[in-house]
J.: 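Dumping the structure here so I can ask a few things about it.
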Amino acid sequence: MTRRAAPSASDLFGSPPAEGPRAGGVVQVLTPVALDDSWTYRLPDDGVVVPGSIVQVPLGPRKVVGVVTAETPTLAASSNRLRAIEKVFDVPPLSADLVAFADWVARYTLTPRGMVVRMLLRAPEALDPEPPVRAVVRAGEPPERLTDARRRVLALTAENEGMAWTRSGLAHAAGVSPGVVDGLIAAGTLAEVEVPAGPPFRRAEPDFDPRDLTGEQRRAADELVGRVGAGASVTLLDGVTGSGKTEVYLEAVAEALRQGRQALVLVPEIALTKAFLDRFAARFGALPAEWHSDVGPKTRARVWRGVAEGGVGVVVGARSALFLPFRDLGLIVVDEEHDPAYKQEEWATYHARDMAVVRGRIERIPVVLASATPSIESRVNADRGRYRHVVLSERATGAAMPTLMAIDMRRAGPPRGRFLAPGLVSAIAETTARGEQALLFLNRRGYAPLTLCRACGHRFQCPNCSSWLVDHRFRGRLACHHCGHTEPRPEACPSCGTLDALVPCGPGVERIAEELATLLPERRTVVLSSDVLGSVQRMRAEFDAVARGECDIVVGTQLVAKGHTFPKLTLVGVVDADLGLGSGDPRAAERTFQLLAQVTGRAGRLCGRGIGVMQTYAPESPVIAALVSGDPERFYAVEIAERERGRMPPFGRLAAVIVSAPQRERAEDHARALARAAPAGGPVEVLGPAEAPLALIRGRHRLRLLAAAPRDHDLSAWLRAWLAAAGKPPAGVEVQVDVDPQSFL
DNA sequence: AGCACGCCGACT
DNA sequence: GTCGGCGTGCTC
């Protein structure tokens, strides 16, 4: 691996100054607290620091980890109140590029720099050296008393001469209890030694097993490979489902490795399936390092260190992997770039795809955005020449794209009380009769989204939020999907007292499964939703079971739109293709289009006999019409024109100002105060809070204001000024700004 | 008086 | 973000 130039001696703040004393031996340290400023500290008595050094400093009564910056000291060096850096960690200093990136993110997202620094240091265990592993080795003569168990242990150590075993590992391998090993240690035959923790990561080999690519894939791969090492660039890799985008961008990853540099592949968290990782392993002869919320502290530490020291070649990770301290990053790939999961909402609000573009620009490396259904902003950026555009229009297997059709629910809908049209039911029956699988997609957990009383019209609503309570029949409760409030499902109406008058309205996945059990009782149906799944491991297991053909029909929420390929899946039914449209979200149409294209695209991915059936009341809508016609351009053209007319992102800029407080009134009052404080008549328009939905999230009532501006306006600066002018929010009220991350670049 | 809780400002 | 200080208000 080529190394970045080590800091030269003249950069070392602790080294003898070449031209005059250096500010009296003080440096600036950014600490992981909610502050924008760095603090001034005295240099450690012994250690040497450089910009980027990770250090421990006292902060009030605590000790915290911070990063040395190259800023000039803000406090007079003569100040004798300064405290000293306590410790310099023995890890590579963060690169100037990474610190510049953190600064950029902080400024852009209106987040205190300290909070971004916290994201850079999210593996505290990595800072201390990995504790050595205790091991046993053969050290002396066999003992006097040789039992059968002892003989087996000695045979193993003889077979693998010089090898160090862990105590339990050796006992396990020999099929004896750990006590036997202890006995041999006591007898002096074996000895305990400390060995450095093993070589952490197998190197990915760029040419381990290159794939045969189709002509179209080859051209696309060559284009991407040509960008690696050629400075900053952004390429939109726009390929239909099944076109083999992954194989194409893996060629760029291989090129980065060949050049001795590292590669980062960002994926939506959900896509980190075993099958996905195995594809990497098959191509590169080693599993990539993983980075996501389910990675335990020990592995986290090893990955962080491996990334910083250069031992890790490829990281596949969720959005937070973007903040890893790569030693020599050569490429960033953002897979499924349109995926809303890239947007982080809590803590600091940022969009990992856009921040990847920024990191690429700062590090002067290529970024590849891959998607079958690119986001509108990426498409516009590609159309306007800001991004390169590489298109894959054919499936790599040569398989045809699925045939999509709409069922007009006004004319061919189901009988009363049912949700699956006869046409869809017979398609499911035929598909499963052939031994193939069907997937029914409905993005609604539970049994029914609304319950009302037939006698008095009472609707069950969340006491905290402006949303209906969802009937979860398997659990026997009504639940709010915003705040987690649940209550038992009563027998009688709480409003009028009538018994057995409560009716569920509309379908959820549980209700669809129930309907299928009635209509096609001999088929094996499984429900896949976040209620049923949970951890990443559990999900991987469930997906694997489906892939093995352990069921005929899957009824699933959003989760099933991603995940891995089910080879026998040839029919996808969309229970409600209109769901999500008309929700007032400026991205509703785009989201629906992407989701439907993605979920129907899973039909017949390998065999090419896929069918997608969408139940809709609006078959003429641009989303449905474009899907049925098989020409996505029809959708993009309409949507881009629409956005441009409405000056919505990416043609305008949007920010959400989220006001939250434990008390509903306080949040509402402050939101109104903010709206009044907004300068009127300028280029920025403030909307709300009147029409904003209220939600209770983790004990806090939240509502939103929206600020809309023309594209060339510096909305971040405007927001800063506005919020400063509005003054500090009252006690308990928090104001969080979500500068629409998807519209700026 | 003694303490729990919430708010506020400091933290180099 | 996290801590301690200090005020308010309530209880043993």
Side-chain angles (χ1 to χ4, degrees), chain A residues 13-14 21-45 47-89 94 99 102-103 105-107 109-125 127 293 297 320 323 344-350 658-667 669-670 673 697-702 723-724 726-738:
Chain A
F13 284 6
R22 240 219 227 245
V26 298
V27 287
Q28 294 299 106
V29 177
L30 264 176
T31 51
V33 299
L35 280 169
D36 233 13
D37 297 320
S38 56
W39 292 144
T40 311
Y41 285 88
R42 280 200 341 266
L43 287 170
D45 298 334
V48 161
V49 299
V50 297
S53 286
I54 299 176
V55 296
Q56 184 183 78
V57 292
L59 184 67
R62 301 172 288 155
K63 299 169 186 312
V64 296
V65 175
V67 179
V68 174
T69 70
E71 294 154 51
T72 48
T74 49
L75 274 189
S78 59
S79 170
N80 51 10
R81 295 195 6 241
L82 290 183
R83 302 171 77 178
I85 289 171
E86 287 172 347
K87 182 154 117 190
V88 184
F89 290 100
L94 302 183
V99 176
D103 282 350
V105 172
R107 215 178 146 61
T109 60
L110 306 181
T111 305
R113 286 154 89 210
M115 289 296 88
V116 181
V117 163
R118 182 172 268 253
M119 297 197 287
L120 300 179
L121 301 173
R122 279 258 284 270
E125 305 85 358
L127 301 177
S293 57
S320 59
F323 292 90
Q344 162 120 45
E345 306 251 37
E346 35 209 81
W347 207 312
T349 304
Y350 67 92
I658 298 140
V659 181
S660 72
Q663 310 85 359
R664 184 178 175 149
E665 300 74 33
R666 288 235 206 161
D669 287 348
H670 189 64
I697 295 168
R698 270 172 284 115
R700 303 182 66 87
H701 294 272
R702 294 164 42 112
L723 296 180
K728 264 199 185 164
V733 178
E734 248 171 55
V735 176
Q736 190 193 346
V737 183
D738 172 359

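In what follows, chains carry the letters A, B, and so on, assigned in the order in which the sequence lines appear, proteins first and then strands, with residues in each chain numbered from 1.
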J.: Quick one: list whatever passes salt bridge (charged side-chain N to carboxylate O under 4.0 Å, His left out) with A:R118, sequence neighbours left out.
T.: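 Partners of A:R118 under the salt bridge (charged side-chain N to carboxylate O under 4.0 Å, His left out) test: none.
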J.: Nearest-Å distance, CE (A:M115) to P (C:dT2)?
T.: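 About 8 Å, once rounded to whole Å.
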J.: List for me each residue that meets side chain to side chain contact (heavy atoms under 4.5 Å, CB included) alongside A:P730, sequence neighbours excluded, and say none if there are none.
T.: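 In terms of side chain to side chain contact (heavy atoms under 4.5 Å, CB included), with neighbours along the sequence ignored, A:P730 is linked to A:H670, A:V733.
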J.: Base, sugar-phosphate, or nothing for A:K63, non-hydrogen atoms under 4.0 angstrom?
T.: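 Touches nothing.
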J.: Nearest whole Å is fine: how far is B:dT12 P from A:Q56 CD?
T.: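 Rounded to the whole Å, the gap is 14 Å.
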J.: Among A:T69, A:D103, A:D36, find the one that has a side chain to side chain donor-acceptor pair (under 3.5 Å) with A:R113.
T.: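 Going through the options one by one, the only one that passes is A:D103.
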J.: Roughly, in whole Å, what's the span from CZ in A:R83 to P in B:dA10?
T.: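 A:R83 atom CZ is separated from B:dA10 atom P by 16 Å.
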J.: Please give, in whole Å, the distance from B:dA10 C1' to A:L35 CG?
T.: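 After rounding, the gap between these two atoms is 9 Å.
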J.: For A:F323, check ring-ring contact (aromatic ring centres under 6.0 Å, His included) against everything at least two apart and list the hits.
T.: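 Once residues adjacent in sequence are excluded, the partners of A:F323 under the ring-ring contact (aromatic ring centres under 6.0 Å, His included) criterion are A:F101, A:Y350.
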J.: Run the side-chain donor-acceptor check on residues 55-63 of chain A: report pairs under 3.5 Å with partners two or more places apart or on a different chain.
T.:
residue : atom : partner : partner atom : Å
A:K63   : NZ   : A:E86   : OE1          : 3.4
A:K63   : NZ   : A:E86   : OE2          : 3.2

J.: Report the distance from atom CZ of A:R113 to atom P of C:dG1, rounded to the nearest whole Å.
T.: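 Rounded to whole Å, this separation is 17 Å.
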J.: What does nucleotides 3-9 of chain C look like as a protein-contact string, B for base, S for sugar-phosphate only, - for none, at under 4.0 angstrom between heavy atoms?
T.: S------
J.: Could you check how far CG of A:L59 sits from P of B:dC11, rounded to whole Å?
T.: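 Nearest whole value for this atom pair: 10 Å.
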J.: Rounded to whole Å, please give me the gap between CD in A:Q28 and C1' in B:dC11.
T.: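 Roughly 14 Å, once rounded to whole Å.
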J.: Using whole Å, what does the distance between atom P of nucleotide B:dT12 and atom CG of A:D36 come to?
T.: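 Nearest whole value for this atom pair: 18 Å.
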J.: Run the side chain to side chain contact (heavy atoms under 4.5 Å, CB included) test against A:S660 and tell me which residues pass, sequence neighbours left out.
T.: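 Scan of A:S660 (side chain to side chain contact (heavy atoms under 4.5 Å, CB included), adjacent residues dropped) gives A:R700, A:R702, A:E734.
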